[in-house]
Structures are given as C-alpha cells and as structure tokens.
Number of protein chains: 2
Amino acid sequence: VIEFEQLGKVYAPGSAAEVVALDGVSGRIQAGEFVAIVGPSGSGKSTLMNLIGCLDTPSSGRYRCGGVDVSQLDASERAELRRQQIGFVFQGFHLLPRMTALENVALPLTYVGVPRPQRRERATAALRAVGLAERAAHRPSELSGGQQQRVAIARALINRPAILLADEPTGALDSQTGEEILTLFEQLRLAGHTVILITHDPAVANHADRTLYMHDGRLRTP
Amino acid sequence: VIEFEQLGKVYAPGSAAEVVALDGVSGRIQAGEFVAIVGPSGSGKSTLMNLIGCLDTPSSGRYRCGGVDVSQLDASERAELRRQQIGFVFQGFHLLPRMTALENVALPLTYVGVPRPQRRERATAALRAVGLAERAAHRPSELSGGQQQRVAIARALINRPAILLADEPTGALDSQTGEEILTLFEQLRLAGHTVILITHDPAVANHADRTLYMHDGRLRTP
Ligand SMILES: Nc1ncnc2c1ncn2[C@@H]1O[C@H](COP(=O)(O)OP(=O)(O)OP(=O)(O)O)[C@@H](O)[C@H]1O
Ligand SMILES: Nc1ncnc2c1ncn2[C@@H]1O[C@H](COP(=O)(O)OP(=O)(O)OP(=O)(O)O)[C@@H](O)[C@H]1O
Ligand SMILES: [Mg+2]
Ligand SMILES: [Mg+2]
C-alpha cells in the first residue's frame, strides 16, 4: 500500500533558519498492517505522517500510495486521494470550534455526498463508539481535552478509511480510555484496513505489529 | 497556600445540556508541596485547576489562595493575583501563533514591567532550560507538538511563580524529554514553590509528594 524511498523534508532551505526534518527515510507498509512510529520530540514523526497522508510535499525522494506515484498528482488529485483513502487524527485535534461534536464527526461524510439523515445516524454511532453519545450537541470548547481527542478519533473513523493515520491518538487519555480507543483501531485492522500510529507510550506501541524508530529525521533499523 | 471547600462547578445549570463538572471537592495544598491530580478523561481535573488558578469562578463552595478569599476579589484583582503568583501550562498550550518562541516565553515579563533587554535574556535562558535555545526565532506552527509544549513550559517558569499549575505538561513528550521537564519542576519545588500537576501517566505522578484522585467530579480519598 505505502512505499517511500529516501524521503526528505527541509524547511526554509538554504537560509539561517534551515531545519532538516526528514533526512532520507525509506520503508514499506503493507495493506492491513498496524505499524507504530516512536521517537523523541522533534525527531520527524509528524513530518513523515504528513507526507504519507499527502498533506505536504517532500523536498526529495519518492512516495507511492496504492501503487500511485504521489509526486505526479496535482493538488486536487491529492485531495481526492485523501478523501477516498485516508482518515486522520491530528496531534492538535483540529476540530472546528463553531460546530458541535456531531457536526465535526459528520464532516468527512459531506465531502463524499452522503445525505443528511445517514450522516446524522453514522455520526451518532461513531460518537457512541468513543463513549460520547450524550455530548453530541456540545462544541469543542465545552469538552475536556480527552473528550475533544475522542471526537477527533470518531471523525477519522467515520469513513472507514483504507488507511488510518493517528498522531498521538491517546496522548490526552487515561490508560483505560486509551485502551478502548486502541480496540477500535484493532477492529479496523482486523477488517483489513491499514493503521499507522505515532506514540511515545510503549504500552500503545505494543498493540502494533511492528514499530519504526525515528531519530533526528532518520529511521533506525531496530 | 491553597484551601478549597465543597467547590462545585456546573455548566448550563438548569438546562437540558447541564453538566456537573465538579461536585463538591475539598482539599488543602501547603506551600512548597508537589501534588499530582489523576483521573479519567472528563472527570473534572482541568476544571479544578482552572478554579485554583483563578481563571474561572466556582458555582458553589469556597476557595482561599494565600489566605485570601478569592470570591471577594473582582476581575482585575483576580488578574493581579494570577500575574504575581501563578504560572500556567495549559492542556492545549495556548501559544500566540504570530509571535516567535522567544516572544511567547517573554510575554509574562511584559505584564510585570521587566525592561526589554532583561526580558530577552531571561527568555533565552528559559528556552535553553527546555532544550530549545536554537529555535527561539521560530513560530509555534514551525515547531513540533512536543516542542510547542516545551515553549509553553518555559513561559510558565519564566516568572518563577509561587504556584505552578501544569495540565498534562508531558503529554506530548517522549519519556526522556518528559523526565528533563520534571527535573525542572522539582528544582522549583526545592526552592519552596508549590507545584500542582495533572497527569494520566503513573510514572509522572510518582514524582509528586502525593496524588489526588478525581472521578466524576469528586475527589476520592485513596
Ligand atoms: N464549557 C463547558 N460546557 C459544558 N461542559 C463542560 C464545559 N467545560 C467542561 N465541561 C465538562 O466538564 C467535565 C469536566 O471537564 P474537565 O475538562 O475538567 O475534565 P478533565 O478531567 O480535565 O478531562 P481530560 O483528562 O479529558 O482533559 C467534562 O465532562 C466536560 O465535558
Ligand atoms: N514549518 C516548519 N518550519 C521549520 N521547522 C519545522 C516546521 N515544521 C516542523 N519543523 C521541525 O521539524 C522537526 C520535526 O518535526 P515533527 O513535527 O515531525 O516532530 P515530531 O517527531 O512529531 O515531534 P513531537 O513528538 O514533539 O510531536 C522539528 O525540529 C520541528 O521543529
Ligand atoms: Mg509530532
Ligand atoms: Mg483536562
């Protein structure tokens, strides 16, 4: 499903503020695999995830998603690929502040043309799956940190994406709530979906089939 | 230093969306103590912290900070108390996006009238203490999740506040970086400052002198 070769990302290249976020990383992730990415703060984990999710473009190297060379796609083709294939749980949640929890969760369904009554029904079911059915009418500012994270997770799962990318999905959760979320991810993987998850919690990484170790923009082979 | 009695907080009281966030909690925290607050997602930890930090007002109960009954203070007196006594690390970081890391860290010093050259010097030292001296000129959007959290920590420490309130301060950090931050907190406590920290990581709670357990808006005595 996912193949990346010598992928590099440099911010502000050639200037005094140049930062090498990724320094030539390569790897392959099969369909239906559950992979964890671990590593110190600032080591390049989110940068790699953003490239895999077609949210950003690499400075160098090649990336193929489902056999398609992503560098050959234009911006609207990349957006179409994201919408059809990929679900995101961002490190900062990125919920829309003026929408309710239900509206935030239903949002991905509006992009693929699902009619309103089905959107409501599926979004309510997704909120129930993360334990927040009673809070559907609340806005993000009326929810705790961990509740906001769970809304972001429900939004990422609503389209049952072929590839789920989750950046520290249990970072704001206590261990019991975190385990409940990981069970949802394992159900997705059992159904043949690919799950890629960033964490710095070894107990979370243990749920994955294998772990990639990032350090200073490089992948260490364990 | 901190005494709270039957503290309650209810959102949207009397309406269909009523939520009881805190259900009558009492406790005392001495000056120079290091206390951890743990509990499930949505149990009331951040709500209690916001009341202790005079960022919000309780629906019921009493709160005294340094012997002063906070309910007798008006908004500007509460702001003065916060500025002089309390440092915050918020769960969502709350960094100002258009300011650099250095400017964000120096901000609390502008409120207490420290001249510009000293602000710059102390802010640079605070960034060095959290391992980010080279990133002083970057804005929050150019930093990783864990780096942003460390900027928020440096900002909270810059005024060497009498009371440090930290809401999941190591939530976005790997365990090694997290330990370095906790060492900074312990140095503050050794110097006689009070540290109150929310976490769902037992390894972090172990650094505290004692732990308060929240559950459904109540404090359980262990
Ligand atoms: N403005 C608000 N309106 C309605 N409910 C609110 C509001 N703010 C907080 N709450 C609710 O109050 C309860 C306690 O929230 P709080 O943020 O204190 O939880 P927490 O223990 O910090 O959780 P987490 O570990 O997820 O951060 C939650 O159920 C939350 O949804
Ligand atoms: N827009 C940008 N401009 C400059 N540097 C950037 C930018 N975005 C990210 N970086 C830098 O790239 C490096 C990798 O960042 P990344 O967000 O991938 O780290 P991470 O491994 O996810 O860290 P964390 O665990 O703290 O979230 C960091 O040093 C970061 O500061
Ligand atoms: Mg990151
Ligand atoms: Mg909280």
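Within 6.0 Å of atom CZ in Arg120(B), 12 or fewer heavy atoms from other residues, nucleotides or ligands are found, so the atom counts as exposed in its surroundings. Within 6.0 Å of CD in Glu18(B) there are more than 12 heavy atoms belonging to other residues, nucleotides or ligands. Enclosure of atom CD in Glu121(A) is not indicated, since only 12 or fewer non-hydrogen atoms of other residues, nucleotides or ligands lie within 6.0 angstrom. Crowding of Arg210(A) atom CZ: a count of heavy atoms from other residues, nucleotides or ligands under 6.0 Å exceeding 12. For CZ of Arg83(A), the number of neighbouring non-hydrogen atoms (other residues, nucleotides, ligands) closer than 6.0 Å is greater than 12. With a 6.0 Å radius and a threshold of 12 heavy atoms from other residues, nucleotides or ligands, Arg78(A) has its CZ atom above the threshold.
The OG1 atom of Thr199(A) lies 10.5 Å from the CG atom of Asp174(B); values are rounded to the nearest 0.5 Å.
Across all their heavy atoms, Gln91(A) and Ala172(B) have their closest contact at NE2-CB, 4.4 Å.
Residues Val19(B) and His138(A) meet the side-chain proximity criterion, which asks for heavy atoms closer than 4.5 Å. Between Ser41(A) and Gln147(B) there is a side-chain heavy-atom pair separated by less than 4.5 Å.
There is no contact between Ala137(B) and chain A, counting heavy-atom distances below 4.5 Å.
Looking only at heavy-atom pairs under 4.5 Å with chain B, the residue among Ser175(A), Ala21(A), Ser144(A) that has the most is Ser144(A). Between chain B and the residues Lys45(A), His200(A), Arg135(A), the most heavy-atom pairs under 4.5 angstrom are made by His200(A).
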